[in-house]
Amino acid sequence: MKKLPSMALSLVALIAAAPPCLAHESVADASEEASRETVKEEFRYAIPTMPGKVVTSLSVEYPPGASTPPHRHGDAFVIGYVLEGSIRSQVDGEMTVYGVGESWTERPGASHEVSENASDTQPAKMLAIFVSDAEQQALVEMPE
């Protein structure tokens, strides 16, 4: 498990302390099939000390055995944090299983080959936090 730098921990703490009334809902359900994840945008805020940058959080819920197809996150820097269950993740060739309370980062342009629930019997949930250009529309890019 990678330890988050203190700046990232401060950002996560700031986000967690934000009043829930500031969050807005916008559900992006990738598929209604049980083999796919459900994604929900939790919040999106401009970063005042970084003009042109935003921080966006998505909750990702995986039913047992569910997965996300290989993808990239464009020019966004990503922090993944497991809230429930366990998540199997392979980024740029390195496969790891993360449990509750564990986190990882993805550099801009990284190839996320595997993102899935590591269990066939229990659900899993994670929080994906993106720092991106305000103009970046697609936070998840699927290859064609």
**Prompt:** For F77 and T105, what are the C-alpha separation, side-chain angles and deciding distance, and is it a side chain to side chain contact (heavy atoms under 4.5 Å, CB included)?
**Reply:** CA-CA 7 Å; F77 171 75; T105 62; 3.8 Å; yes
**Request:** Apply the test side chain to side chain contact (heavy atoms under 4.5 Å, CB included) to residues V100 and E102: give CA-CA distance (whole Å), side-chain angles for both, the deciding distance (0.1 Å), then the verdict.
**Result:** CA-CA 6 Å; V100 173; E102 293 184 310; over 6 Å; no
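If you chain together hydrophobic residues whose side chains sit under 4.5 Å apart, V39 and V91 never meet in one group. V82 and V114 fall into different hydrophobic clusters, where Ile, Leu, Val, Met, Phe, Trp and Tyr residues are linked whenever their side-chain heavy atoms come under 4.5 Å apart, directly or through other members. W104 and V97 sit in two unconnected hydrophobic clusters of ILVMFWY residues. Membership requires side-chain heavy atoms under 4.5 Å apart, directly or through other members. Note: the hydrophobic cluster containing V54 does not contain I79 (ILVMFWY, side chain heavy atoms under 4.5 Å, direct or indirect links).
Annotation: side-chain hydrogen bond (donor to acceptor under 3.5 Å, both in side chains) contacts of E84 (sequence neighbours excluded): none.
Between S89 and Y98, the closest side-chain pair of non-hydrogen atoms falls below 4.5 Å. The side-chain heavy atoms of T38 and K40, taken from C-beta on, include no pair separated by under 4.5 Å. Put simply, the side chain of S111 reaches to within 4.5 Å of the side chain of R72, judged on heavy atoms. A heavy-atom distance below 4.5 Å is not found between the side chains of I87 and N117. The shortest distance between side-chain heavy atoms of R107 and D92 falls below 4.5 Å. Looking at heavy atoms from C-beta onward, S57 lies out of side-chain contact with R44 at the 4.5 angstrom threshold. Contact of the F130 side chain with the L58 side chain is registered, since non-hydrogen atoms from C-beta on lie closer than 4.5 Å. The shortest side-chain heavy-atom distance between M126 and L83 does not fall under the 4.5 Å cut-off.
E113 and P70 get closest at one heavy-atom pair: O-CG, 3.6 Å. Scanning both residues, Y81 and S103, for their nearest heavy atoms gives CD1-CB, 4.0 Å. Across every non-hydrogen atom of A46 and P48, the tightest pair is O-CD, 3.3 Å.
Under the side-chain contact (heavy atoms from CB on, under 4.5 Å) rule, T56 has a single partner from V78, L139, V131, which is L139.
How far OG of S86 is from NZ of K125: 15.5 Å, rounded to the nearest 0.5 Å.
With no hydrogens or angles considered, a side-chain donor-acceptor pair links E106 and H112 at under 3.5 Å. One side chain, S115 or Y62, offers a donor N or O that lies under 3.5 Å from an acceptor on the other. For the residue pair T68/E37, the side-chain donor-acceptor check at 3.5 Å is satisfied.
Applying the side-chain hydrogen bond (donor to acceptor under 3.5 Å, both in side chains) rule to pairs touching residues 128-138 yields K53-D133, sequence neighbours excluded.
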